[in-house]
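First up is the structure itself, then whatever we jot down about it.
FYI, side chains are in, hydrogens and waters are out, and symmetry mates aren't considered; it's all heavy atoms of this structure.
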Amino acid sequence: MDTVPAIRLAGLRKSFGPVVAVDGIDLTIGDGEFFAMLGPSGSGKTTVLRMIAGFEQPTAGTVELAGADVTRSAPFQRDVTTVFQDYALFPHLTVRQNVEYGLAVRGKSRAERRTRATEALESVRMAAFADRRPAQLSGGQRQRVALARALVVQPRVLLLDEPLGALDLKLRQQMQVELKQLQRDAGITFVFVTHDQEEALTMSDRIAVFDHGRIAQIGTPAGIYEQPQTEFVAGFVGTSTVLDAAAAKTLLGREGKFMVRPERIHLAPDGDATIAEVVYLGATTKYLIELGETRITASEPNAGTVRQRGDRVHVTIRGEDAVPLE
Ligand code: ATP
């Protein structure tokens with residue numbers, strides 16, 4: 001069966017005067033997909049999101065939504081809703097009025113507004129707060145109201161611009177799981193901008209890693225983590241050790257440049273490498289190891305072996321755990 005993609009971007013570019021913010025993006029996002037745009041600050045993610053929403057006009061290229069070219073359409077003509085990082089709730093309206101607003105604008109009856117707003121608030125477990133104003137809520141609660149307000153209009157595509165950025169770690173982790181469940185239940189296409197690699201790995205079906213206005217790699221979380229194609233991706237997503245040609249020759253007996261994840265590095269006592277630093281992380285311990293000129297990051301689960309700074313260790317890496325880099 002051939003399904004029309006929710007979003008298709010072709011040759012998308014955006015310059016602001018001399019600054020090239022987005023430098024040629026070709027991207028297809030499937031219907032019902034949870035898609036993350038991940039990258040460092042200034043890599044162009046938000047600009048791409050704003051061009052999908054229609055808040056920014058591309059310098060070149062096209063934006064298609066559900067098969068229709070909307071490149072020149074105004075934001076309100078596009079079947080997308082955006083949740084901004086600052087939530088942008090109306091301070092003088094109650095939670096319920098905020099959620100009903102989009103339905104009122106669309107001319108829905110009072111009864112329908114009420115029913116649908118209640119359902120949306122229940123889906124984010126905020127029904128009990130319907131009569132409060134945004135200022136009387138915590139950051140996480142405001143976040144949920146912003147989501148309810150976006151979901152209530154049942155958009156085909158929901159764009160999220162770092163909406164969890166203002167939350168503390170615990171709440172963020174909780175919301176990551178809840179967002180994923182909400183998205184699955186609602187069957188809406190989610191496109192999510194973040195610079196937090198853990199967030200992207202946790203929630204997404206696929207991730208595009210941005211670097212200087214281009215996509216460095218697209219793949220599933222496991223694909224990006226386990227098979228990064230460039231040193232940039234290997235370094236930006238997760239921790240990695242890059243073995244240059246000399247180190248690869250010594251440790252792997254192979255030509256070229258390779259990347260190894262810390263949990264794939266095996267340590268045994270009494271070798272020619274030295275533990276230079278020990279970082280205790282609760283479930284695991286991270287070791288920074290020096291082997292001649294090469295610095296290696298390894299990690300082990302905290303289930304027995306305790307290694308100390310200055311310990312001599314033997315480092316082994318299995319051939320299949322070393323990923324060749326471009
Ligand atoms: P962040 O994670 O910090 O939000 P980002 O990856 O979303 O970063 P963008 O906001 O898309 O990056 O910005 C990409 C580049 O375009 C940056 O160099 C930024 O300074 C520039 N830029 C963005 N908007 C404008 C604008 N309105 N005018 C001029 N330059 C802009």
Side-chain angles (χ1 to χ4, degrees), residues 2-86 88 150 155-163 165 188-197 199-200 204-220 223-224 228-237 325-326:
D2 235 8
T3 52
V4 179
I7 301 170
R8 194 200 302 272
L9 309 177
L12 204 62
R13 284 173 199 283
K14 180 69 185 180
S15 304
F16 297 102
V19 179
V20 180
V22 175
D23 192 12
I25 299 283
D26 295 293
L27 177 61
T28 302
I29 299 175
D31 204 24
E33 200 171 8
F34 199 130
F35 193 92
M37 300 200 282
L38 172 70
S41 185
S43 59
K45 318 173 292 285
T46 301
T47 305
V48 171
L49 201 77
R50 290 173 61 78
M51 288 192 282
I52 297 171
F55 299 123
E56 212 73 78
Q57 278 289 311
T59 308
T62 54
V63 177
E64 270 179 37
L65 293 175
D69 188 333
V70 298
T71 315
R72 303 287 154 208
S73 306
F76 69 86
Q77 295 171 310
R78 303 181 185 205
D79 197 1
V80 302
T81 301
T82 310
V83 177
F84 296 100
Q85 188 168 5
D86 61 2
R156 283 183 76 116
V157 174
L158 189 60
L159 306 176
L160 302 120
D161 189 1
E162 305 215 18
I188 298 172
T189 307
F190 272 39
V191 183
F192 188 91
V193 163
T194 182
H195 55 246
D196 181 338
Q197 44 113 359
E199 205 154 280
S204 332
D205 297 317
R206 280 194 308 153
I207 301 171
V209 183
F210 277 68
D211 181 21
H212 290 94
R214 296 179 189 205
I215 294 176
Q217 190 169 343
I218 294 187
T220 61
I224 297 276
Q229 284 158 8
T230 65
E231 194 168 338
F232 171 79
V233 175
F236 192 73
V237 182
L325 295 174
E326 275 168 9

*Thr82 and Phe55: CA distance, side-chain angles, deciding distance, side-chain contact (heavy atoms from CB on, under 4.5 Å) verdict*: CA-CA 10 Å; Thr82 310; Phe55 299 123; 3.8 Å; yes

Look up atom [atom1] in [X] and atom [atom2] in [Y], then write down how far apart they are to the nearest 0.5 Å.
X      : Y      : atom1 : atom2 : result
Ile29  : Leu9   : CD1   : CG    : 6.0 Å
Met51  : Leu12  : CE    : CG    : 3.5 Å
Phe192 : Asp161 : CZ    : CG    : 9.5 Å
Gln197 : Ile207 : CD    : CD1   : 9.0 Å
Leu65  : Arg8   : CG    : CZ    : 11.5 Å
Arg206 : Ile218 : CZ    : CD1   : 6.0 Å

I need the minimum non-hydrogen distance between [X] and [Y], along with the two atoms involved.
X      : Y      : answer
Asp79  : Arg156 : OD2-CG, 3.2 Å
Pro228 : Val233 : CB-CG1, 3.8 Å
Phe35  : Leu27  : CZ-CD1, 3.5 Å
Ala150 : Pro155 : O-CD, 3.3 Å
Thr28  : Pro5   : CG2-CB, 3.4 Å
Val4   : Ala66  : CG1-C, 3.4 Å

Judged by atom type as modelled, is there a donor-acceptor pair below 3.5 Å linking the side chain of [X] to the main-chain atoms of [Y]?
X      : Y      : value
Asp205 : Phe34  : yes
Lys45  : Pro40  : yes
Thr194 : Asp196 : yes
Arg78  : Val70  : yes

_From His212, Arg214, Lys14, residue fulfilling side-chain hydrogen bond (donor to acceptor under 3.5 Å, both in side chains) relative to Asp23_ =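 Answer after filtering His212, Arg214, Lys14: Arg214.
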
*asked:* I want to check something: taking the side chain as every heavy atom from C-beta on, are Phe210 and Leu38 in contact at a cut-off of under 4.5 Å?
replied: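 No. Closest side-chain heavy atoms not under 4.5 Å.
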
*Answer yes or no: is there a side-chain heavy-atom contact under 4.5 Å between Asp211 and Phe236?*
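SC-SC contact between Asp211 and Phe236 ruled out.
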
*Using the side-chain contact (heavy atoms from CB on, under 4.5 Å) rule, take Val20 and Ser15 through it: C-alpha gap first, then chi angles, then the decisive distance, then the call.*
CA-CA 4 Å; Val20 180; Ser15 304; 4.1 Å; yes

*Report the residue from Val191, Thr81, Val80, Thr189 that forms a side-chain contact (heavy atoms from CB on, under 4.5 Å) with Leu158.*
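Per the side-chain contact (heavy atoms from CB on, under 4.5 Å) rule, the option paired with Leu158 is Thr81, out of Val191, Thr81, Val80, Thr189.
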
*After noting the C-alpha distance and the side-chain angles of Glu326 and Glu231, does the key distance pass the side-chain contact (heavy atoms from CB on, under 4.5 Å) rule?*
CA-CA 8 Å; Glu326 275 168 9; Glu231 194 168 338; over 6 Å; no

*Thr71 and Asp69: side chain donor to acceptor below 3.5 Å*: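 A pair is found: one side chain offers a donor N or O, the other an acceptor, under 3.5 Å apart.
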
